[in-house]
Enquirer: 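Okay, handing you the structure first.
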Protein chains: 2
Amino acid sequence: MKLEKITNKRSSDAKRRYGDACGTAHALELIGDRWSLLVLRELMLGGRRFSQLRGDLPGISANVLTQRLAELEARGLVARKRLPPPASVQVYEATPWGLEAEPIVQALGRWAARSPGHDPTLPLSGVSLMLSFGTMFDPDRAKKFDGRIGFRLGPDSYLARIKKGRFKVARGEAGAGDVLLTASPTAIAAVVYGGAPIDSLLVEGDRQLAERFVKLFPLPAKVDALAS
Amino acid sequence: MKLEKITNKRSSDAKRRYGDACGTAHALELIGDRWSLLVLRELMLGGRRFSQLRGDLPGISANVLTQRLAELEARGLVARKRLPPPASVQVYEATPWGLEAEPIVQALGRWAARSPGHDPTLPLSGVSLMLSFGTMFDPDRAKKFDGRIGFRLGPDSYLARIKKGRFKVARGEAGAGDVLLTASPTAIAAVVYGGAPIDSLLVEGDRQLAERFVKLFPLPAKVDALAS
DNA sequence: CCGTATCCAATAAGATACTG
DNA sequence: CAGTATCTTATTGGATACGG
């Protein structure tokens with residue numbers, strides 16, 4: 001039994017570096033740890049509480065989440081804020097620089113969409129779904145689209161708006177849309193990406209708009225698994 | 001005390017997945033392991049041998065490199081090819097899909113370039129340097145630029161060509177350029193990104209072209225370390 | 001309830017020696 | 001040169017206990 005373990009404290013300070021001047025390597029030192037980028041992703045559409053993050057990230061354990069949040073905070077990608085009383089709860093927010101990591105999330109998602117091993121039946125967080133829309137959105141198909149789509153995904157609401165071939169989404173205000181979709185993120189993904197019938201969702205408002213909406217996000221062709 | 005723990009055998013078979021339908025999470029399962037993306041990056045400009053990869057990636061150990069190459073191969077991102085005799089050596093190549101990961105490398109590099117913690121004095125592989133040019137290239141500054149720049153970086157040579165605001169680079173043929181730069185990748189990075197004098201490089205050929213070339217790759221502003 | 005801290009088993013990574 | 005084998009260390013994840 002070791003009674004002292006003072007020595008090996010290089011964990012937090014001198015991290016595991018790549019010793020590489022390449023920006024890619026440095027980025028991986030910042031957000032390359034397991035779960036790091038997924039935690040950051042969940043903050044892309046606004047602050048989240050600890051337990052919300054736990055729920056959004058199936059399988060992350062409390063201690064790992066604590067550690068990742070602390071690291072991201074130390075690196076300047078996440079800030080913790082305490083809301084003013086009476087709701088004096090703590091929320092984690094991405095910093096402006098943290099938000100700038102969205103193109104990374106998109107590049108990864110777009111690339112992986114071609115993977116033969118991708119399993120779209122797994123659960124999905126609301127933020128993931130909304131961000132995936134931004135990633136897969138096809139401006140060409142949406143040239144003539146103008147409307148606001150609300151999403152009620154359990155306790156969380158989002159409002160997406162498409163206009164002039166641009167896609168935007170923010171949390172909240174789902175009811176303000178021209179149409180409101182209420183369902184689980186997985187069910188919505190099944191319709192948008194899996195071609196499931198829209199009847200599997202609760203559609204309130206301009207149903208025709210919803211039917212057009214769900215066709216704006218084409219998936220790229222899968223990679224031929226035998227190619228090399 | 002639990003006397004039975006037969007159950008928890010999910011380790012080897014069910015890899016470490018995120019259990020998340022999001023493409024980003026799936027991408028991280030494919031290339032999110034430590035070193036994976038850096039190995040793939042080194043293959044972006046053509047096949048490399050085992051020992052070359054070891055040299056390109058300071059600090060990777062042989063067993064980890066073996067494992068990463070095997071994983072990347074199993075996932076369809078890398079293929080190993082044996083060159084025909086007499087040079088019957090084995091090289092690792094990125095598959096077409098593996099090459100499609102370049103936007104990920106670029107997004108990471110572009111984002112990390114703003115990091116206050118980025119240390120540009122560390123060593124850098126030739127591939128990293130060449131890819132960083134593609135990442136940081138400013139088409140506006142290069143509107144009137146037309147020329148071919150050769151690089152001799154130790155044993156490896158590269159030829160970059162810029163025309164009509166487009167940047168391309170490939171391995172080999174350095175001598176075919178209008179100007180030839182001979183130096184270490186780090187020294188070249190110091191000139192292009194750190195403003196060091198071009199005299200620190202060996203410049204053969206159209207020196208004026210080289211002087212214009214090194215100004216085509218502006219770095220983004222650093223993040224304010226105090227912002228939140 | 002909201003996190004944090006601690007303990008422990010299972011892996012992954014790192015260092016080094018070794019083999020064809 | 002191109003990897004394997006082996007050993008050590010570090011990180012991860014899960015359970016659980018603890019403080020506000």
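In what follows, every chain begins at residue 1, and chains take the letters A, B, ... in the order their sequences are listed. Values in this document were obtained by computation on a predicted structure and should not be read as measured data.
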Enquirer: Could you check how far CG of A:Leu65 sits from C1' of D:dT12, rounded to whole Å?
Expert: 14 Å
Enquirer: Closest to the B:Gln67 side chain: C:dG3, C:dT4, C:dA13?
Expert: C:dA13
Enquirer: From CZ of A:Phe50 over to C1' of C:dG3, roughly how many Å is that when rounded to an integer?
Expert: 6 Å
Enquirer: Got a sec, which residues hit side-chain contact (heavy atoms from CB on, under 4.5 Å) with B:Ala21, two or more places apart in sequence or on another chain?
Expert: A:Leu122, A:Leu124
Enquirer: Show me the side-chain donor-acceptor pairs of residues 181-189 of chain A shorter than 3.5 Å, one per line, residues at least two apart or across chains.
Expert:
residue: A:Ser184; atom: OG; partner: A:Ala187; partner atom: N; Å: 3.0

Enquirer: Counting only side-chain N and O atoms of B:Gln90, is one of them less than 4.0 Å from OP1 or OP2 of D:dG3?
Expert: yes
Enquirer: Restricting to side chain to side chain donor-acceptor pair (under 3.5 Å), what partner residues turn up for B:Ser36, sequence neighbours left out?
Expert: none
Enquirer: Pull out every residue in residues 32-46 of chain B that has a heavy atom closer than 4.0 Å to any atom of DNA chain C, ordered by number, or say none.
Expert: B:Arg34, B:Trp35
Enquirer: For D:dC1, does either OP1 or OP2 sit under 4.0 Å from a side-chain N or O belonging to B:Arg49?
Expert: no
Enquirer: Between A:Gln52 (side chain) and A:Arg49 (backbone), is there a donor-acceptor pair under 3.5 Å?
Expert: yes
Enquirer: As a quick check of understanding, evaluate salt bridge (charged side-chain N to carboxylate O under 4.0 Å, His left out) for B:Lys81 and B:Glu93, giving each step before the final call.
Expert: CA-CA 7 Å; B:Lys81 300 215 167 158; B:Glu93 293 182 356; 3.6 Å; yes
Enquirer: I'd like a table of atom pairs between the protein and nucleotides 15-20 of chain C - only N or O on both sides, under 3.5 Å - with the distance next to each one.
Expert:
residue: C:dA15; atom: N6; partner: B:Asn63; partner atom: ND2; Å: 2.1

Enquirer: How long is the line joining CG of A:Leu69 and P of C:dC2, in whole Å?
Expert: 14 Å
Enquirer: Please determine if a side-chain N or O atom of B:Thr66 lies less than 4.0 Å away from the OP1 or OP2 oxygen of D:dG3.
Expert: no
Enquirer: Rounded to whole Å, please give me the gap between CZ in B:Arg17 and C1' in D:dT12.
Expert: 17 Å
Enquirer: Restricting to ring-ring contact (aromatic ring centres under 6.0 Å, His included), what partner residues turn up for B:Tyr92, sequence neighbours left out?
Expert: none
Enquirer: Could you list the residues that satisfy salt bridge (charged side-chain N to carboxylate O under 4.0 Å, His left out) with B:Arg68, not counting sequence neighbours?
Expert: B:Glu71
Enquirer: Tell me: CD of A:Glu29 to C1' of C:dA13, nearest whole Å?
Expert: 15 Å
Enquirer: What's the CZ-C1' distance between A:Arg68 and D:dG13, to the nearest Å?
Expert: 11 Å
Enquirer: Just how far, in rounded Å, is C1' of D:dA2 from CD of B:Gln52?
Expert: 12 Å
Enquirer: What pairs of residues pass the ring pair (Phe, Tyr, Trp, His ring centres under 6.0 Å) test when at least one of them lies in residues 114-134 of chain B, not counting sequence neighbours?
Expert: A:His26-B:His118, B:Phe133-B:Phe151, B:Phe133-B:Phe213, B:Phe133-B:Phe217
Enquirer: Does the side chain of A:Tyr92 get closer than 4.0 angstrom to OP1 or OP2 of C:dC2 through an N or O atom?
Expert: no
Enquirer: Only counting residues at least two apart or in another chain, list the ones meeting salt bridge (charged side-chain N to carboxylate O under 4.0 Å, His left out) with A:Glu100.
Expert: B:Arg114
Enquirer: So does A:Arg80 get a side-chain nitrogen or oxygen closer than 4.0 Å to the phosphate oxygens (OP1/OP2) of C:dT4?
Expert: yes
